[in-house]
Structure formats: structure tokens, C-alpha cells
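One structure below.
When a residue number appears, it is its place in the shown sequence, counting from 1. As a basis for the values below, the full set of heavy atoms in this structure was taken, side chains included, without hydrogen atoms, waters or symmetry mates. When a ligand or atom number is given, it counts from 1 through the structure's own listing order.
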Amino acid sequence: MLNRRHFLAAGLAAAGGVLAGPAWRAAQAAKEAPFLVLEPKPATAPLMGPDDAPVPVWAFHGNGPGTVPGPVIRTRRGETVRVRLKNGLPQPTTIHWHGIRIDNTMDGVAGLTQDAVPPGETFDYAFTAPDAGTFWYHPHNKSWEQMARGLYGMLIVEEDSPPDVDRDLMFVADDWLIGKDGKIDEKSFGNLGSWSHGGRLGNWLTVNGLTDPEISVRAGERIRLRLVNTANARILAFDFSPLNAHIIAMDGQPAAPSSLGTGGLTLAPAQRVDLIIDIDGAPGDTIPVWEVSTRQRLKAARFVLSKDTPLKKRPPEDAIVLASNPLLIDPKTDGAQMIDLVMEGGAMGGLREGRINGKTLSIEELIEKKLVWAFNGNVGRQIKPLASIARGRTAVINMVNRTAFPHAMHLHGFHFRVVERNGKPVYGAPWRDTELVDRDEQVRIAFIADNPGKWLFHCHMLEHVAAGMVTWIEVT
Ligand code: C2O
Ligand code: CU
């Protein structure tokens with residue numbers, strides 16, 4: 001069933017490689033059909049551009065050579081996705097399906113929902129996605145190294161009736177730390193300095209695994225752009241002006257359309273945004289997209305308009321609104337279970353001591369173990385959960401950031417809504433699975449604990465989670 005959208009997407013992949021990797025239809029892997037095989041293993045990727053040597057990375061191999069990002073998995077709500085992870089790495093790994101309100105046994109968290117898969121072994125994942133939207137997958141064991149080396153990919157759950165756009169494109173942004181030798185800087189893995197500050201920040205920006213890639217479009221087209229920040233720790237921001245861009249979804253859930261304006265779009269690690277962009281320009285134009293999170297604006301990618309005659313412009317009032325996903329229920333916070341989460345530690349955080357399973361350790365002992373961040377005084381994942389919630393009950397987590405850094409807090413298994421920020425109620429906030437909590441900020445989130453199991457709750461700055469910013473909740 002080739003409609004225009006699929007045709008254009010396929011054509012683009014062949015022409016520019018902007019859609020990295022083959023798109024798999026999970027339907028092809030129906031019941032008795034074989035699993036889609038995803039094999040993470042060493043590869044090289046042309047991260048730095050055509051004039052530089054390809055960079056040794058770790059990449060997911062699908063039914064073709066390994067690519068960064070990994071193969072795109074496309075599915076529909078209710079379809080079963082079956083993936084066989086075949087570990088081709090020199091260390092154990094897993095795959096986590098970020099943002100999918102998944103069956104707990106398939107969540108891919110090493111040490112909590114499954115054992116890490118040793119080198120050479122396999123693990124079979126099978127799940128159905130309840131929500132249409134933009135999701136992604138990545139390892140959940142030693143993520144700070146495995147994701148920094150290139151292991152991640154997009155997981156797209158198509159809408160029952162997809163919006164009327166001319167192209168459906170991806171914008172997978174990553175921040176790499178490349179050494180003078182043009183290779184991934186390995187010496188910085190596990191560096192306590194970056195673990196206790198803002199994480200391992202990179203020096204090289206890629207979009208879809210390429211440097212300043214060309215995104216081929218045609219004047220007058222309306223495109224859907226699915227953005228994800230896959231960086232270990234860097235908060236990215238993109239400026240699409242002068243193009244007219246609208247947010248239609250966040251973290252895989254439809255959101256009330258809002259115009260981006262000129263401020264740019266901020267994406268914390270792991271966050272996604274779906275944009276609708278009208279390509280307003282003349283045939284042959286090039287329109288850059290800038291990364292604007294630092295004072296030094298960087299070219300992130302560029303839209304290159306073909307010479308074809310422009311398509312007729314869409315009337316701006318003809319906005320695209322995605323139907324909300326049917327299974328999300330708005331949490332009512334009266335009678336909710338209240339859970340406190342105080343975030344402490346890190347550089348300039350004044351942490352003196354911390355507990356591991358009830359035992360108090362001095363800061364010197366904690367530094368020795370590279371555990372320098374705490375939630376409620378506990379460092380790292382404890383044997384006991386942060387909270388145990390009866391299935392179906394509403395839970396409210398009150399996060400208070402007493403550290404000197406922002407944190408991108410991610411809850412597995414649920415989407416939540418911010419209901420209060422710095423003491424003020426918030427109404428109608430978008431559904432998210434990852435929320436940025438700034439230094440000195442207080443944020444309350446609410447969700448209905450309708451998905452039983454053990455669910456991780458952690459900072460998605462991967463050095464922070466490795467150095468202690470991780471806990472979990474249990475829904476019984
Ligand atoms: Cu995207 Cu626990 O992670
Ligand atoms: Cu953090």
C-alpha cells in the first residue's frame with residue numbers, strides 16, 4: 001500500500017540517506033514470521049562528513065549494515081512488534097523502548113525487569129504499543145557508554161489515520177565527544193568530573209548521524225518532522241525560523257498545536273517533539289536549521305528546496321491536530337498518593353553522605369564508588385522502591401531540585417502531566433515521559449498507575465543516572 005507519503009519517504013531514503021536505515025513494518029513480523037533481528041556491534045559511521053574518515057562506533061545492525069541511528073521500526077497501535085536482540089558487543093546489553101507504555105517484562109531495564117544479555121546471546125522482545133507517536137529505543141545497560149557510541153534508533157507508531165503531510169521525516173540529534181584523532185573520546189568515559197557536573201558533553205553535533213545534512217524538500221510542502229535528542233547529557237535547542245513550525249506532539253503524545261515562534265525549540269535528553277513545518281521558499285533555496293543552545297550558533301541541518309515548481313501553499317488555518325491517544329486518562333489529584341523526591345548532590349551540591357540500602361556512606365566513600373547524586377538521601381538504585389502504588393491509583397511525584405544542575409527526569413511505563421511548578425498550579429500541560437527540572441525548581445507530576453510492574457524513574461542525563469540519580473516505583 002504505497003501512498004504518496006510512503007513513496008516520498010522511500011525516495012528520500014534512497015537519494016539522501018536522511019532516513020537512516022531501512023524502515024521495517026512490524027506487520028511483516030506477524031505471528032509465525034521470524035523476529036526482526038537487531039544486532040548491536042562495532043561498525044563505522046560517516047559522522048564527520050564525506051571528507052573525514054568514518055568514525056568507529058557501535059551500531060544496531062538490522063537486515064543490512066549497521067547504521068547510526070539504527071534501523072527505523074515502524075508499527076501501528078495494537079500490532080505486535082517482535083525483535084530479537086542479538087548481542088554483538090563486548091559487554092552485556094538490553095533494549096529499552098523509550099516512552100512505550102509497555103508490558104513490564106519487555107521494558108528492557110537490566111537488573112530490574114530482565115538480566116542483561118551477555119555477549120553472543122539473544123533476548124526476544126514482543127510488545128504492542130498502545131499509543132501512536134514518536135518513540136525510540138536504546139540499550140539500558142551501561143547506557144552512558146553504549147549510547148555515546150551510537151546505539152539508538154527510532155520507533156514510530158503510526159496513527160490510524162495519519163495527518164495529511166507531504167513528507168514524514170526524522171531529525172535525530174546527537175552530541176558526540178570526538179578526540180583529536182577523529183575517534184570517539186574513550187578516555188572520558190566514566191570521568192568523575194563530567195559525572196558530577198553536567199554529564200559528558202560533546203563537541204560534535206550530528207542530525208540523523210550526519211554533519212549538517214541536507215534534507216530534500218519541495219517549495220510549498222507541508223512536512224512532519226520527528227525530533228529526538230539522543231545526546232547523553234546535552235540539552236539541545238533548534239531554531240527553524242524563518243519557517244513556520246508548529247508543535248503537534250511531545251514525547252509521543254499529541255499536544256495542542258502551538259507555534260514555535262522565534263525562541264527555538266528546547267529538547268532535553270530523551271525528549272521528542274513532532275513539528276509540522278510549511279516549506280515556504282523558492283525552488284532552489286537552502287534554509288538552514290540552527291542549533292542555538294550555546295552562544296555559538298551551529299548549523300544543524302539544512303532544508304534544500306528542489307527546482308520543482310512549488311506546491312500550492314496550505315492555508316495556515318488548515319492546522320494539523322492529532323487525535324489524542326485513547327487510553328490516556330487525565331489524572332485527578334484529589335486522593336492521590338503523594339511521593340516526594342528531593343534531588344541532591346553533584347558538584348556544588350554540598351552532599352555530605354548518602355545511603356545505599358539503609359547503610360550510610362560518607363562523601364569520600366561515595367566518591368570512591370562514583371555515586372555522587374542522591375534522591376531522598378539514597379544514592380543509586382536501592383533494593384526497595386521509592387513507592388509502592390496500588391494499580392489504578394493516581395500518584396503525584398513532587399520533585400525538588402536542590403542541585404546546581406538541570407535534570408531530565410524520565411518515568412518508565414507511563415506518561416504524566418505536570419500539575420504544579422514552583423508552587424503554582426499548572427493546567428492542561430502536555431503529556432510527557434521526560435521532564436526537565438531546572439536547578440532550584442520544584443515540579444509536581446501526576447499519572448494514573450494503571451500499568452503493573454517495576455518502573456524505573458531516573459535522570460536521562462546518562463552520567464547522572466550512572467552516578468546515582470535513579471530510583472523505581474512498583475505498581476501492584
Ligand atoms: Cu530512555 Cu530509562 O530510559
Ligand atoms: Cu541529571
Side-chain angles (χ1 to χ4, degrees), residues 69-70 93-102 104 106-114 116 133-148 151-155 172 174 194-201 228-235 251-252 267-272 341-349 351 370-375 379-381 386 399-416 432-441 443 453-473:
T93 193
T94 63
I95 302 179
H96 167 58
W97 315 93
H98 183 119
I100 302 285
R101 298 188 295 140
I102 203 166
N104 191 240
M106 295 288 123
D107 201 39
V109 179
L112 188 68
T113 65
Q114 70 170 96
T134 301
F135 300 92
W136 62 303
Y137 62 88
H138 62 74
H140 219 297
N141 189 53
K142 256 190 140 188
S143 313
W144 48 273
E145 176 180 355
Q146 297 186 8
M147 290 164 72
L151 292 173
Y152 50 79
M154 295 296 275
L155 170 56
V172 182
D174 198 3
S194 64
W195 284 35
S196 61
H197 287 77
R200 185 174 173 275
L201 300 177
V228 55
N229 177 353
T230 66
N232 273 34
R234 192 184 286 281
I235 300 167
D251 292 355
L267 278 180
Q271 288 186 325
R272 286 91 65 214
L341 187 94
V342 178
M343 304 148 80
E344 292 170 309
M348 302 160 286
L351 193 70
K370 286 202 201 164
L371 290 168
V372 294
W373 301 91
F375 286 156
V379 290
R381 190 160 81 218
L386 170 70
M399 298 183 277
V400 177
N401 184 353
R402 296 219 180 107
T403 77
F405 296 87
H407 301 288
M409 294 300 296
H410 170 49
L411 178 61
H412 285 218
F414 304 90
H415 277 75
F416 54 76
R432 299 219 79 139
D433 60 44
T434 306
E435 178 71 21
L436 195 59
V437 183
D438 220 332
R439 54 183 293 180
D440 298 324
E441 242 190 347
V443 176
K454 297 175 174 178
W455 303 105
L456 217 59
F457 184 43
H458 63 92
C459 176
H460 218 287
M461 286 143 171
L462 303 175
E463 290 73 26
H464 291 174
V465 52
M469 297 198 97
V470 52
T471 185
W472 59 287
I473 58 163

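Inclusion of His460 in the first shell of atom 1 (Cu) of ligand 1 is supported: an N, O or S atom falls under 2.8 Å. For atom 2 (Cu) of ligand 1, the N/O/S atoms of His412 include one lying under 2.8 Å. With a cut-off of 2.8 Å, atom 1 (Cu) of ligand 1 has an N, O or S atom of His138 in range. At least one N, O or S atom of His98, from either the backbone or the side chain, sits less than 2.8 Å from atom 1 (Cu) of ligand 1. Within the coordination shell of atom 2 (Cu) of ligand 1, defined by N, O or S atoms under 2.8 Å, His410 is absent.
In this structure, Lys370 places its NZ atom where more than 12 heavy-atom neighbours from other residues, nucleotides or ligands lie under 6.0 Å away.
Restricting His458 to its N/O/S atoms, the shortest distance to atom 2 (Cu) of ligand 1 is reached by NE2. When distances from the Cu ion (ligand 2) to the N, O or S atoms of His407 are compared, ND1 comes out shortest. Residue His464 approaches the Cu ion (ligand 2) most closely through its N/O/S atom ND1. Atom NE2 is the N, O or S atom of His140 at the shortest distance from atom 2 (Cu) of ligand 1.
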Q: Take His412 and His458, measure what side-chain contact (heavy atoms from CB on, under 4.5 Å) needs, and give me the verdict at the end.
A: CA-CA 9 Å; His412 285 218; His458 63 92; 3.3 Å; yes

Q: Begin from the C-alpha positions of Trp455 and Phe414 and carry the test side-chain contact (heavy atoms from CB on, under 4.5 Å) through to its verdict.
A: CA-CA 9 Å; Trp455 303 105; Phe414 304 90; 3.4 Å; yes

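Note that OG1 of Thr230 is 3.5 Å distant from CG of Asp174, once rounded to the nearest 0.5 Å.
With hydrogens and angles ignored, the 3.5 Å screen pairs no side-chain donor or acceptor of Trp144 with any backbone N or O of Ala467.
For Asp433 and Arg272, the salt-bridge test passes: some basic side-chain N is under 4.0 Å from an acidic carboxylate O.
Between His460 and His98, the ring center distance clears the sub-6.0 Å criterion.
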